[in-house]
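The block underneath contains the structure these notes are about, expressed in structure tokens.
Residue numbering restarts at 1 for every chain, and letters A, B, ... go by the order of the sequence lines.
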Number of protein chains: 2
Amino acid sequence: MRIGQLAQLVGVETQTIRFYEQQGLLPPPDRQDNGYRVYTEKHGEGLAFIRRCRILGLSLAEIHELQSYQDDPHQPCTAVNALLDDHISHVRSQITALQALEKQLVSLRASCNDEREVEACGVLAGISEGNMHQQ
Amino acid sequence: MRIGQLAQLVGVETQTIRFYEQQGLLPPPDRQDNGYRVYTEKHGEGLAFIRRCRILGLSLAEIHELQSYQDDPHQPCTAVNALLDDHISHVRSQITALQALEKQLVSLRASCNDEREVEACGVLAGISEGNMHQQ
DNA sequence: TATTGACCTTATAGTAGCTTTATAGTTTAA
DNA sequence: TTAAACTATAAAGCTACTATAAGGTCAATA
């Protein structure tokens, strides 16, 4: 299987696959005589794992960490769970921050209708005067 | 006022001020004979505006756009409000996505306790098997 | 006077996670 | 045979800074 087929199979760009290889997330595959990369099913699974982690918002460093656990399957999985717990609390604090931000933006938006000149725009005035009740 | 004083006044790093100048967000200030930048109160206001926009999550490009409206104060402020509306809906969709993600992560986490080996870890198995009910 | 320290200058690189571009060699179908 | 589609590498671009390097300026101190 060549890189384009693998890319299509998993739904990523070929460059992304090379990028993961370069970052040490995918093992370097064998090469044909012409230098083309040849992938096995294992690579497909590895790549799919990476993509699912990315969809879950894990960083490449965190994925790397998970892979190192996979390479040593007889240790307790406490660390895996801890990584996920950390990530969950990270996501939660992002949500909280964004909700506070949304409130701020909505109240700023409420300070203007569309029927003014820029000079008198409530939104611009609000930002300029710093009427920004912090979180 | 020199760059260090301005930086302290507004609460940013000196490099950030030079960066904004380079990006065209702050007008280039006059220079002393020795080449040091000299800032006025106007610059302080401009920088504070930028920072407040950043705190609201606006991109430098969006800030640039707002500045162009400020430079032409007699047009209607519809575009300003539209920019903010776009930003609000962007923030909202981020929140929605993160909430869906949180759900997914929590259910994944629930599939394992800490008392297993990595080999049997429910979290890793969940990711590997792709039991990821998409949004 | 010499030097120390705090400040300023520019230019360059690093961060995350790719994407884009440039340049070039290879394979395959018409 | 020639063009399309694929592959390769290397390097730059994206965002919004932050950090580092190497050096010039200035005031106070020993």
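With distances taken from any side-chain atom of A/Phe19 to the nucleotides C/dC18, D/dT7, D/dC17, the minimum falls on C/dC18. The side chain of A/Tyr36 approaches D/dC6 more closely than any other nucleotide in the set C/dC8, D/dC6, C/dT19. Side-chain proximity of A/Gln15 to D/dG24, D/dA19, C/dT19: nearest is C/dT19.
Within residues 22-35 of chain B, the residues having any heavy atom closer than 4.0 Å to DNA chain C are, in order of number, B/Arg31, B/Gly35.
When the side-chain nitrogen and oxygen atoms of A/Tyr20 are compared with OP1 and OP2 of C/dC18, one or more of them lie within a distance under 4.0 Å. Between B/Thr16 and D/dT18 there is a side-chain polar atom (N or O) within less than 4.0 angstrom of OP1 or OP2. Dashed line: the shortest gap from a side-chain N or O of A/Arg37 to OP1 or OP2 of D/dA8 is under 4.0 Å. For the OP1/OP2 pair of C/dC18 and a distance below 4.0 Å, the side-chain nitrogens and oxygens of A/Arg51 include at least one atom meeting the criterion.
Counting heavy atoms from C-beta outward, B/Gln99 and A/Gln99 have side chains that approach closer than 4.5 Å. Between A/Ile17 and A/His43 there is no side-chain heavy-atom pair separated by less than 4.5 Å.
Among the atoms of the strands shown, only primed sugar atoms or phosphate atoms (P, OP1, OP2) are found under 4.0 Å from some heavy atom of A/Arg54. When heavy atoms are screened at a 4.0 angstrom cut-off, A/Arg18 is found touching base atoms of the nucleic acid.
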